[in-house]
Each structure stands twice: as structure tokens, then as C-alpha cells.
> 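Questions regarding the structure given below will be posed in turn.
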Number of protein chains: 2
Amino acid sequence: MDGDMNIRSRQILEAIIEDYICTAEPIGSSAIRSSHGISLSTATIRNVMADLEEMGFLASPHTSAGRIPTDKAYRFYVDSLLAVKSVERSEREEIRRRCTVDGRDVDGVFREISHMLSSVSHYMGIVAAPRFNANFFRQIDFIRLGSRRILAILISQSGSVQNRIIEPQEDISTDMLVKMANYLNALLQGLTISEVKRRILEEMQSEKIRYDNMLASALKLSEQAFDENSSGLFIEGQANIFAQPEFADAQRMKELFRAMEQKNQLLALLDGCLKAPGVNIFIGSESHLNNMSGMSLITSTYISGKNTLGVLGVIGPTRMGYAKVIPIVDYTAKMLTRILTVE
Amino acid sequence: MDGDMNIRSRQILEAIIEDYICTAEPIGSSAIRSSHGISLSTATIRNVMADLEEMGFLASPHTSAGRIPTDKAYRFYVDSLLAVKSVERSEREEIRRRCTVDGRDVDGVFREISHMLSSVSHYMGIVAAPRFNANFFRQIDFIRLGSRRILAILISQSGSVQNRIIEPQEDISTDMLVKMANYLNALLQGLTISEVKRRILEEMQSEKIRYDNMLASALKLSEQAFDENSSGLFIEGQANIFAQPEFADAQRMKELFRAMEQKNQLLALLDGCLKAPGVNIFIGSESHLNNMSGMSLITSTYISGKNTLGVLGVIGPTRMGYAKVIPIVDYTAKMLTRILTVE
DNA sequence: AATTAGCACTCCAAACGGCTGAGTGCTAAC
DNA sequence: GTTAGCACTCAGCCGTTTGGAGTGCTAATT
């Protein structure tokens, strides 16, 4: 807590963290001296380590094991010690190569990038697709699938496509559907999706609607169509995480998978990142997610023009190669920003 | 092999399989006598077990353990011994409740059913969405996203929506795109998607096209748009499988997850099921999938009108509650058939 | 001839105990 | 302030023991 973090303490803390990131095993006083060029006796190092433990940066699994870094240590590390590397040439090429859109479908772009993040980082990749809500309305279409079943297709300015199956109370003819779509397309042009929702509600209140059956059902249909429901969260490379020694035990693994199934919680966290542009790092409990102790999350935002569209990142153990992964996430976000910005 | 499967042998084999399905532990001769009302001495049972082992129905992990059923035993069990239960009332209600389409998107329907299959069966749920290819063409739309980026939206008769981002060589105006779409919609009406592809190629050969730039680019665009790429395979409930004792060990788990990432192989297998309507069961190595030893797959086909649209099912350990899961899969397939059949 | 009781045998799994070595904290010397 | 020295701790490994579950074989029984 106090300013007693002299240079030597820092050096030693850094050495412990970096060794631990490599080996995943508790680090002892002698390991430090041999690996990094620190010319102090093991006794002195032990003294420093005891101080660091008291300050909450280190913990020991049991008396005769070495020390392992705490979340607080990682936090200090990324804030003060970390020298971020630049992305390696080969990785940069892979990222560039796999960040393409031609011939893919919209979801496919995000899924592929999530996949790529996982294989380049060797952890899990995560991409939150743009919130449909934050987008501008472009077009709505209705297609009659059956006597009382309609497919609504919604397209946003940025090209996200959503569809909804709607089962109205009574049958609506194809002609009528076309008219409805025309009416709505005119009405909603240029609004954001959240404005669209408000507008639909306003319009439904209005007097003239009450006397026009067609308009009323059009609005009702569209109201259902704009009901948000799909998550748009792509998590890939879960099998990667098996390679990490901390998950050799099946219990931990199970917890982690349960956590990944709670997509809503994750999504809420990522939504929070939208307001903080650039790279964000959540270490261990900082994410306030259940079953995510021992895991860290590195995110960055991607942008199109002036709009922050979404968030992507990497999930791995707190013992993560921050120096390598941070620039990967950063670079990928920039690439995605670039391919989403046309003209 | 030979017909030496008298009633007693069958009874004992059945007892072993059913006990093993419950406990996941090798079954000894005494366990059989106590559990099922078989009034024979353990010695006699041991003799029968030795015969069954010789015939390839049982295996013993080591001399002083009990016996476990082989794949062949499970196969015999489902073919000859199994008394399929009916679906429990509460389960039937859950299936019914979660098989709805109103308000969902098309993928959402299949994803939800996959999820439901996993939570009702306690294994993994799997749903292959209808192959776009096997569908009838309904409509194509082009939307200009940017100077050299177009969003193509394809809709099939059954309501599947696909989209593709296409980056053509040169810019195409919005007006032009509308014309192209009109031309293609007229040209391709009433064809299946696979016929569509052939038709596009034929048309591109034709003389008149060579002199009409617009038509030529329209065809080129649509050719790209109909390039199949999305898998449409929904696997849910992977965390469920952790509860199974055979996956307590992380190594097995890892293999299984690698297998699940090979979606193409799975998809090929499911495609094969399209030709065999109704319930299909693959036990252990019968699926011929890598890393799927020890796993079984129960599938059924779902239908709309006369067309077999797709396949759904449950993946679990070979030691699976077949008597319970088979009717669940069957019932779910029928429910999905029902909700896909409108009018 | 089929069934069963009896028995010797096998082998895994859990428990036990001793040993080792890595690592620590403390104290006294430098 | 730093370091050498030392006693102490404790997880992990290894070899041994023990117990029990289960088998296969043989001889007695029905």
C-alpha cells in the first residue's frame, strides 16, 4: 500500500510474475536469482518476498512452496511494470489474413475473428457483435411463410441482418405485407433502432392509427420484430484452455464452462467496455463474474466512423501472457475497425 | 455370434447393461443377483458372463474387476432387449413449451431446441438446421453497404435466411442493385437452391449475357452469394457432459472437445441420416468419427410436408440412458416437424 | 448334465510410513 | 543493510502392506 515499492522490490515482483506466467509453478527465492540477473543472496530475496506477501502481492500455497502472484500483483504488473511487446510479424499476417469479409456472412465475420483470436493467443477468443440497438435502421421486410406465420427481416445501416418469426393473431396477405413494409420503411428511415422502438410506441398511441387496421397491425408486427433477443456473442477456442495446466483438474474446467454458458453476464461486462474505448483489462475477481476467479479478460473496442460498435477480446487464466496478448487484442480491434469502415 | 443367446444369457446381459448405465462401474456376478430378481448362484452367472465375454459382448478392465458392456452389447441391447419408455409428462411439457417459433429468429429456434435437448436428456443436444441447398429459392436482395461492399440476403421457401458480404471489383449503384435483384428473382423463381447454382452457371455461358454488363455482374454476384459456407450445426450443453464420471479425467474431455470442433465430420454423418427417416442410433465406433469412441449418438429426422429438412439428436456416452433418450429425441423431432408444418 | 459351494488366486486401490528436497523464517555474523 | 548458516516444514514420491472385490476352477450336489 505505502510507497515502499523501491526498484528492487519491483524487479523481484516482476521476475516472479514473469517466471510464474511461464511455468505455472510457485517461484522460490533461488529461481529468481538464477533466471534474472539479480545479484542478491537468496536470503535478501526472501526478505523482500516476505514484504511483498505482507503487502498483498504474493501468496504461498503452503510453507515450503514458493510464492505465486495475487490478482493485485498482476494489476500492478500491467499498470506499472509491463513492457508491451509489438505484435510479431507472423501473427500480424495471420490476423490480417483472417480479418476479411468477402464471401462471409455477417455472423461469420465475427465468429472467424473470435476463432482467430483464440488460435493466435492460445486462449479463448471472444467477440461481441454490434448491438443491433445501437444501429441505424435501414430496412424491414416481411415474408409470408404460412397462414399465420411471418418472417420479418431487419437490416441495419452497418449491415447487421436480423430475422424474426412472428405468429400474428390473424392471417395477413402477401400484398398487405408489402404495404406494411413500405409504410414502416418510410416511417422509420434514418432513426436508430432504439428510436425506432420509441417511435413505434408513439405511433401506436396516435389517433389516426386507431382507425386504420392495416397500420395498426403493421406497427404491432414491427414491435415484435424489434424485440431484442439474440445474444451475438461468439466465444471460440474453448478447447485451447485445456492445454493450460491450471485446468488439468476437471472441477475447475467444469466451473469455467458453466461461466461461459452465462453469456448474459459476460455480455453485460462487455457492454460496459463500450463506454471505455481502447484496451481494458479485467484481472481475476475484477470482472465480478461468477466462477471467473483465476481468469483474466483483455478487451478492446472496435469502431466504425464515430460509432463504437462492439467489443472483442481474449479470456485466459490470470497467469496470462499479457505482454503478448494485449497488443494482439489491440491490433485485432484496429483491423476490425478498418474492415468495417468502408469509404 | 451363433444363436446361443438363450433367455438367461439375455437377461443377464440386460441386467449388466442396465446396471452399468446407472453406475458406470464394472459389474460383478454378485451385483446382478441382488439387483435383478435373477435366482441363480454367482458361479452360474460367472459361467454365463465368461461365455458372453467370449462372444464379444463383455469386457473386463482387469481380472479382478467386474465386466463392462462392449459396443456390440449396446447394439444388441437397443436392437433386441430395449423396452423403450414413453416420454414422461413433465418432459413432454418442457419439450412442447420450448418448441416454439414466435418471436425467435430462425437460428434461434434451432439453437433453443438443441439447448432443450441437452437439458432434458442431460447429455449434449445437437441440431442440424435445414441445408440451404435442399431448399427452394424464394428471394434475393442486395443492399449496398459501401463503395465496394454489398450485402446479399437470400431467403428460402422454408424461411431460412442467409446473408453474404460481397466485395465486387467495381462499385455498383443502389439502383443497379435493385435491377439486378429483380432480374435474378424472376430468373430463379421456383428452383431449388442447387438448381439455382446450375442455372446461374448455364446463364453465364449464354450469348446474350456477354453483351449485357449488368446481367453479367448480377450473375457473378449471385454466384458468390450462393457459395455455401455456414455450417448450421448447433451443439449445446457441453457442460452437461462434465457431470458424467467417464469424463472426470481431463484428457478424455479434451479429446471430446476436439471432436466437437470438427463440425464438418459430424455434419457429414448427420447428412447421411437424412436418407434414413426416423430414429437412428450410432454406438461408439459405429459413427466412424475420430475421438468419438465411448460416445453414442441418437438422431431423428424432422420434416416439413414431404421434405426431410434436417436432423436433430443427442450425443452422450455409450453408457447412455437409451430407454429414456430415444423417445425424447423421437418426440422432439415430431414436435419440430409439427411447428415447421404450417397450414 | 446342469448347477452350486468352496477355495485359491489375482489385482486394484487405499492406507501407511519413510525419505527427499525445495523452500522458508530466523538469527547471528559480516 | 546484506548475507551465511541452520533448523524447520511440508508436499510429493516410492515401496510396502493390507483389504476386498471378483474371478476361474474343481469337486460336490441335484
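Keep in mind that this is a model prediction, so the values were computed, not measured. Numbered from 1 within each chain, the chains take letters A, B, ... in sequence-line order.
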> When the distance from CD1 of A:Ile32 to C1' of C:dA22 is rounded to whole Å, what number comes out?
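In whole Å, C:dA22 C1' lies 14 Å from A:Ile32 CD1.
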> In whole angstroms, how far is the C1' atom of C:dG23 from the CD1 atom of A:Ile45?
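Going from CD1 in A:Ile45 over to C1' in C:dG23 covers 13 Å.
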> Is there a side-chain polar atom (N or O) of B:Arg67 under 4.0 Å from OP1 or OP2 of D:dG24?
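True: B:Arg67 side-chain N/O within range (under 4.0 Å) of D:dG24 OP1/OP2.
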> Where the side chain of B:Arg46 is concerned, which of C:dT4, C:dG6, D:dG5 is the nearest nucleotide?
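Closest nucleotide among those given: C:dG6.
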> Nearest to the side chain of B:Ser41, heavy atoms from C-beta on, is which of C:dA5, D:dT3, C:dC26?
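It is C:dA5.
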> State the CD1-CE distance between A:Ile298 and A:Met320, to the nearest 0.5 angstrom.
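CE of A:Met320 is found 4.5 Å from CD1 of A:Ile298.
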> Atom CD1 of B:Ile16 to atom P of D:dG22: distance rounded to whole Å?
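Atom-to-atom, B:Ile16 to D:dG22, this comes out as 12 Å.
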> Given A:Thr318, which of A:Ile21, A:Thr70, A:Asp71 fulfils the side-chain contact (heavy atoms from CB on, under 4.5 Å) condition?
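With A:Thr318 as partner, side-chain contact (heavy atoms from CB on, under 4.5 Å) holds for just one option, A:Asp71.
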> Counting the atoms with a prime plus P, OP1 and OP2 as sugar-phosphate, which does B:Ser29 contact under 4.0 Å by heavy atoms, base, sugar-phosphate, or nothing?
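Sugar-phosphate contact only.
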> Starting at the 5' end of DNA chain C, which residue's closest nucleotide do you reach first, B:His62 or B:Ser39?
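That would be B:Ser39.
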> Does a donor on one side chain sit under 3.5 Å from an acceptor on the other, for B:Ser119 and B:Arg98?
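There is such a pair (donor and acceptor under 3.5 Å, judged by atom type) between the side chains of B:Ser119 and B:Arg98.
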> Name the closest nucleotide to the A:Arg8 side chain, picking from D:dG5, D:dT2, D:dT3.
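The answer is D:dT2, which lies nearest to the side chain.
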> Using whole Å, what does the distance between atom C1' of nucleotide C:dT24 and atom CD1 of A:Ile27 come to?
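Atom CD1 in A:Ile27 sits about 15 Å away from atom C1' in C:dT24.
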> Whole angstrom is fine here: how far is it from CG in A:Leu40 over to C1' in D:dT3?
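Going from CG in A:Leu40 over to C1' in D:dT3 covers 10 Å.
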> Between A:Glu91 and A:Ile328, is there a side-chain heavy-atom distance shorter than 4.5 Å?
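Yes, at least one pair of side-chain atoms sits under 4.5 Å.
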> Rounded to the nearest angstrom, tell me the gap between atom CG in B:Leu58 and atom P in D:dT23.
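After rounding, the reported distance stands at 10 Å.
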> What is the distance, to the nearest angstrom, from the CG atom on A:Leu52 to the C1' atom on C:dG25?
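Atom-to-atom, A:Leu52 to C:dG25, this comes out as 16 Å.
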> Assign B:Thr63 to base, sugar-phosphate, or nothing according to its heavy-atom contacts below 4.0 angstrom with the strands shown.
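Sugar-phosphate, backbone atoms only, no base.
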> Rounded to the Å, how far apart are B:Ile68 CD1 and D:dG22 P?
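About 14 Å, once rounded to whole Å.
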> Counting side-chain heavy atoms from C-beta on, which of D:dT23, D:dC10, D:dG5 comes nearest to A:Ser64?
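Selected nucleotide (nearest to the side chain): D:dC10.
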> Which nucleotide, C:dG23, D:dT23, D:dT3, lies nearest any side-chain atom of B:Met49?
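Per side-chain heavy atoms of B:Met49, the pick is D:dT23.
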> Relative to the ring of A:Tyr77, is the ring of A:Tyr322 parallel (under 30°), tilted (30 to 60°) or perpendicular (over 60°)?
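The rings of A:Tyr322 and A:Tyr77 stand perpendicular, inter-plane angle above 60°.
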> Students often get this wrong, so: under 4.0 angstrom with heavy atoms, is A:Thr42 touching a base, only sugar-phosphate, or nothing?
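Contact class for A:Thr42: none.
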